[in-house]
Amino acid sequence: MSMTLNNAAVLRPTFRPASHLPFTRLAAALALSLCAGAALADVPALSVAGNQVLVGGKPGSISGSSMYWSNNGWPGARFYNAGAVGWLKDDWKAKLVRAAMGVEEDGGYIQFPADNKARVKAVVDAAIAKDMYVIIDWHSHYAFRHQNEAIAFFQEMARTYGNHKHVIYEIYNEPKDDVTWDANVKPYAQAVIAAIRAIDPDNLIIVGSPHWSQDADIASRNPITGHSNIAYTLHFYAGTHTQYLRDKAATAMNNGLALFVTEWGSVNADGNGGVNYPETNAWIDFMKKHNISNANWALDDAREGSASLVPGASSNGGWANWDLTESGKQARETVRNWPSTPDAGCATASVPSTIQAEAWCQMSGVQLEATSDAGGGQNVGYIDSGDWMNYTVDVPSAGLYTVSYRVASANGGGSISLERAGGSPVFGTKAVGATGGWQSWSTISHDVQLPAGKQSIGIAAKAGGFNLNWIGIAAAGSGGQIALIQAEDHASMSGVESEPTTDAGGGRNASHIDTGDWMSYTNAPVLIPETGAYTIEFRVASPGGGELSFEEAGGKPNYATVAVPATGGWQNWASVNRTVTLSAGSHSFGVYAKQGGWNLNWIKVSKAAR
């Protein structure tokens, strides 16, 4: 910030009430998790992988507020206290606070080092106590002129706070437009980063760029190398900065930089004017889409549009709605409603399963990008030789399994190694050929022996040059089983009951199925990898037979009508199947009783044998 003081659906609904959880479901959700051992603090570690700042090793983002300049006599200094920080956490639901320590301006660190450092430490200590992330910001426009002071300051902060995952170092707030990346910012950043890394090897470091931290695209052409967990600052003010700056940010990310918006405002770049709601909303959507963490400028009561508080507001929190300015209300609403990160812990995929490649527990070297493959979402890209990803799976029994990979490669020559996480043993390798482009998708597979039980498996690139969308694991010879839906675990139904089953595996089955009854499974969506033939198998029991309709939840389309044979009793089980054509993408299936008098234990979806 520049210094500125001045009707069929009614019959068969597809909604999901609170109901039974499915026995098995696709491991398709991105769960933000911390899988790499116990944390030293109650926040997941922040790290950089490709163009993403990860939260606990997973894509995600955090949001909060920035303090105003800390300078003696300035309007923001009185808010550097535990009360204000605590109110941000408890009322705004902020995950982040930024301590913006003024440097060369009047009343700043160069003139009053002890006073400004004390304010910063008060905020950092309060944030750690409240389990918030905290940015220690060297709030300067000409930081390279004070490189020695910056090194000494950040070394002290690293020695004091380097063992806390809460702490983020922002080493150069906003280089002005008369400062260049190559000559001024990068050499300074390299020196300060080296000094921090000599003490703190892994906490996130954020680097600014020229033109008030709007030129990350320029930095992306000559980035800092030799150090891990480095992100780059992006600042915007919605009243001034529009699509052109989002385009510059996209260029930086496309070139591999991870961005962190350490300062943003809903007003003009000079800190004044009213809230520009359309552009603010466009920026918020952009940050959410790209998992960009952020801090709103600023928590102060200065007489300017960017101030969150009205003049005379309490220094220690407790702010009512009338204590907030227009931009303050907008900021609080944004921070309170920022997407929350799920609880730590890797999602376990129960085999058979299709695992989204981006749902790793740990990884090294890869990036994410939007995919044009069936089902949409993201794929893992920029996979180079030596990159890897780990996943947690639960294999029901030791034996031979078919492992499938959904890959895209412009040139081929890649090689996938499936192994126990850590590299040994190697279960098998599979070559990746050219598919016609980075978004031209093909499925390849191989059979491997897997041990039973819950385990961490790794996908390692012995040779890179390919993208990966998902991994499927099913028992060999199953025709490529994709999903197993327990019949009693419906999201909604009409007329059906359940009872204990004597079928293999135990548990319960759907029972008392009469003509006109139905079950809908919108709670267990099935990802069909590619359009084609699939075998749908039904585990049934019936004294006299019946007929079922297999369909999309809600009734249309109807994929097949299947005769239910007389099996000899309500608990004498048999399997019947039908081959149907399914389109690629996510499906929520349903079963309708055209003629009742049968029980149903499960429905299995598999790729039809060729």
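When reading the values below, keep in mind they use all heavy atoms of this one structure, side chains included, and skip hydrogens, waters and symmetry mates. For clarity, every value in this text was computed on a predicted model and none was experimentally measured.
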If you compare all heavy atoms of [X] against all heavy atoms of [Y], which two are closest, and at what distance to 0.1 Å?
| X | Y | value |
| --- | --- | --- |
| A77 | R119 | CB-NE, 3.7 Å |
| Q439 | A370 | NE2-O, 3.7 Å |
| V167 | Y169 | CG1-CE2, 3.9 Å |

Would you say the side-chain atoms of [X] pair up with the backbone N or O of [Y], donor to acceptor, closer than 3.5 Å?
| X | Y | value |
| --- | --- | --- |
| S327 | G305 | yes |
| T251 | D247 | yes |
| K186 | P223 | yes |
| S308 | G328 | no |
| T262 | T233 | no |
| Q111 | G107 | yes |
| N337 | E333 | yes |

So do the side chains of [X] and [Y] get within less than 4.5 Å of each other, counting heavy atoms only?
| X | Y | result |
| --- | --- | --- |
| M101 | I136 | no |
| Y382 | L368 | no |
| I230 | V207 | yes |
| Y172 | V192 | no |
| E105 | H141 | yes |
| Q367 | V380 | no |
| N296 | E263 | no |
| Q356 | N469 | yes |

Practice task
Measure from NZ or CZ of K95 to the centre of the six-membered ring of W338 and say whether it is under 6.0 Å with the direction within 45° of the ring axis.
Solution key: no

Problem - Salt bridge present between K89 and D131 (N-O < 4.0 angstrom) - result: no

Problem - Cationic N near anionic O, under 4.0 Å, D91 to R332 - result: yes

Practice task
Output all residues satisfying ring-ring contact (aromatic ring centres under 6.0 Å, His included) with Y133, sequence neighbours left out; order by chain, then residue number.
Solution key: none

Donor-acceptor pair between [X] and [Y] side chains, under 3.5 angstrom:
| X | Y | result |
| --- | --- | --- |
| S47 | N229 | no |
| N291 | S61 | no |
| Y277 | E326 | yes |
| N294 | R98 | no |

Problem - H241 and Y244 aromatic ring geometry - parallel, tilted or perpendicular at 30°/60° bounds - result: perpendicular

Practice task
May I ask you to decide if the ring planes of W181 and Y232 are parallel, tilted or perpendicular, using 30° and 60° as cut-offs?
Solution key: tilted

Exercise for the section: Could you check I292 against W283 for side-chain contact (heavy atoms from CB on, under 4.5 Å), going step by step and ending with a plain yes or no? Expected result: CA-CA 10 Å; I292 300 176; W283 273 108; over 6 Å; no

Practice task
Applying side chain to side chain donor-acceptor pair (under 3.5 Å), run through N379 and E369 and close with a yes or a no.
Solution key: CA-CA 6 Å; N379 64 255; E369 62 185 4; 3.1 Å; yes

Practice task
Determine whether the aromatic ring centres of H146 and Y142 lie less than 6.0 Å apart.
Solution key: no

Practice task
For this output row, return yes or no: ring centroids of W297 and Y68 closer than 6.0 angstrom.
Solution key: yes

Practice task
Test W69 against every option in F79, Y109, W74, W138 by the ring-ring contact (aromatic ring centres under 6.0 Å, His included) rule and name the one that passes.
Solution key: W74

Handout entry: side chain to side chain donor-acceptor pair (under 3.5 Å) between Q214 and H235, intermediate numbers included
Key = CA-CA 6 Å; Q214 295 169 47; H235 288 179; over 6 Å; no

Exercise for the section: Evaluate the criterion salt bridge (Lys or Arg N to Asp or Glu O under 4.0 Å) for residue pair R78 and D301; output intermediate values, then yes/no. Expected result: CA-CA 10 Å; R78 66 187 181 93; D301 65 344; 2.5 Å; yes

Handout entry: Partner residues of E104 under the side-chain hydrogen bond (donor to acceptor under 3.5 Å, both in side chains) criterion, sequence neighbours left out
Key = S140

